[in-house]
Amino acid sequence: MKTWMYLFTRRDLSHQQQIIQTAHATHIMASKHKDESIPNAVLIGIHSEDALLDIRDSLDQNNINCEMFYEPDINAYTAIATYPLRGKERKPMQKFGLM
């Protein structure tokens with residue numbers, strides 16, 4: 001069965017930073033999740049660190065495991081990667097718009 005990993009990145013960062021921060025969050029998730037299948041990636045832009053923290057709370061409320069990346073160079077949370085989701089697990093993600 002196909003899986004999807006949802007990646008949230010802050011739009012208030014430069015495009016270069018968005019790419020790197022999303023890669024960091026993905027790397028943390030992948031190093032902890034040893035799944036044989038490679039998930040599809042869905043990229044979602046978030047406007048600020050506060051909005052990113054709200055996303056994490058929403059994911060927690062929906063029992064969706066994720067990894068959040070903290071960038072020490074800017075002293076802030078910058079990106080989230082969910083663990084791969086299947087089927088009905090993806091339903092709470094429908095409210096987020098693609099980047």
Side-chain angles (χ1 to χ4, degrees):
M1 179 184 283
K2 284 190 174 191
T3 59
W4 284 263
M5 175 179 48
Y6 291 82
L7 307 167
F8 296 87
T9 190
R10 289 177 40 190
R11 287 186 175 176
D12 61 337
L13 302 173
S14 70
H15 289 291
Q16 295 87 347
Q17 287 176 314
Q18 289 176 29
I19 293 165
I20 295 301
Q21 301 309 310
T22 303
H24 284 317
T26 304
H27 174 71
I28 292 169
M29 184 282 303
S31 69
K32 293 181 179 181
H33 182 74
K34 306 296 182 191
D35 189 349
E36 293 181 19
S37 65
I38 298 172
N40 295 297
V42 179
L43 184 59
I44 300 165
I46 301 302
H47 294 289
S48 66
E49 183 182 26
D50 288 338
L52 195 68
L53 295 169
D54 289 343
I55 296 293
R56 184 198 54 199
D57 292 343
S58 175
L59 295 172
D60 286 346
Q61 290 171 3
N62 286 288
N63 297 314
I64 296 173
N65 292 327
C66 66
E67 297 295 336
M68 188 171 215
F69 184 72
Y70 180 83
E71 177 55 69
D73 291 343
I74 61 173
N75 196 33
Y77 288 101
T78 56
I80 294 173
T82 69
Y83 283 77
L85 303 174
R86 293 175 173 85
K88 294 179 184 177
E89 295 172 328
R90 298 177 58 214
K91 187 163 178 61
M93 309 309 282
Q94 291 175 344
K95 66 181 176 181
F96 301 111
L98 298 178
M99 188 163 154

Enquirer: Are the side chain of Thr26 and the backbone N or O of Thr22 linked by a donor-acceptor pair below 3.5 Å?
Expert: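 Yes, Thr26 side chain to Thr22 backbone: donor-acceptor pair under 3.5 Å.
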Enquirer: Kindly state each residue pair satisfying ring-ring contact (aromatic ring centres under 6.0 Å, His included) with at least one member in residues 42-69, sequence neighbours excluded.
Expert: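 As it turns out, the ring-ring contact (aromatic ring centres under 6.0 Å, His included) pairs with a partner in residues 42-69, which skip direct neighbours, are His24-Phe69.
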Enquirer: Drop me the distance from Lys2's NZ to Leu85's CG, to the nearest 0.5 angstrom.
Expert: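 Atom-to-atom, Lys2:NZ and Leu85:CG are 15.0 Å apart.
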Enquirer: For residues 59-72, pull every pair meeting side chain to side chain donor-acceptor pair (under 3.5 Å), keeping only residues two or more places apart or in separate chains.
Expert: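 Sorted result for residues 59-72: Gln21-Glu71, Lys32-Glu67, Glu67-Tyr83, Tyr70-Asn75.
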Enquirer: Nearest 0.5 Å, please: how far is SG in Cys66 from CD1 in Ile28?
Expert: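 Nearest 0.5 Å value for the CD1-SG distance: 11.0 Å.
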Enquirer: Can you get from Leu53 to Leu59 by hopping between Ile, Leu, Val, Met, Phe, Trp and Tyr side chains that sit under 4.5 Å apart?
Expert: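 Yes, same cluster.
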Enquirer: Could you please spell out the steps behind the side-chain hydrogen bond (donor to acceptor under 3.5 Å, both in side chains) verdict for Tyr6 and Arg90?
Expert: CA-CA 9 Å; Tyr6 291 82; Arg90 298 177 58 214; 2.9 Å; yes
Enquirer: Measuring only between side-chain heavy atoms, which start at C-beta, is Ile80 closer than 4.5 Å to Met29?
Expert: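 Ile80 vs Met29: side chains apart.
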Enquirer: Atom CG of Leu13 and atom CD1 of Ile20: how far apart are they, to the nearest 0.5 Å?
Expert: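 So the CG of Leu13 and the CD1 of Ile20 are separated by 11.5 Å.
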Enquirer: How many angstroms lie between atom NZ of Lys95 and atom CE of Met93, to the nearest 0.5 angstrom?
Expert: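 Nearest 0.5 Å value for the NZ-CE distance: 8.5 Å.
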Enquirer: Report yes or no: does Arg10 contribute a side-chain atom to a donor-acceptor pair with the main-chain N or O of Tyr77 at less than 3.5 Å?
Expert: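 Yes: the side chain of Arg10 pairs with the backbone of Tyr77.
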Enquirer: Mind listing the closest non-hydrogen atom pair of Ala81 and Ala25 along with its distance?
Expert: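 Answer, listing the atom of Ala81 first, then Ala25: CB-O, 3.5 Å.
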Enquirer: Please name the pair of heavy atoms, one in Trp4 and one in Val42, separated by the smallest distance, quoted to 0.1 Å.
Expert: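 The pair with the smallest heavy-atom distance is CD1-CG2, 3.8 Å.
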Enquirer: Please report the interatomic distance CG(Asp50) to CD1(Ile55), rounded to the nearest 0.5 Å.
Expert: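 Asp50 CG to Ile55 CD1: 12.0 Å, rounded to 0.5 Å.
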Enquirer: Measuring from Ile46:CD1 to Asp12:CG, what's the distance to the nearest 0.5 Å?
Expert: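 That separation rounds to 10.5 Å.
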Enquirer: Examine Ile74 and Leu52 and state if one hydrophobic cluster contains both, with Ile, Leu, Val, Met, Phe, Trp and Tyr joined whenever side-chain heavy atoms are less than 4.5 Å apart.
Expert: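 No, Ile74 and Leu52 fall in different hydrophobic clusters.
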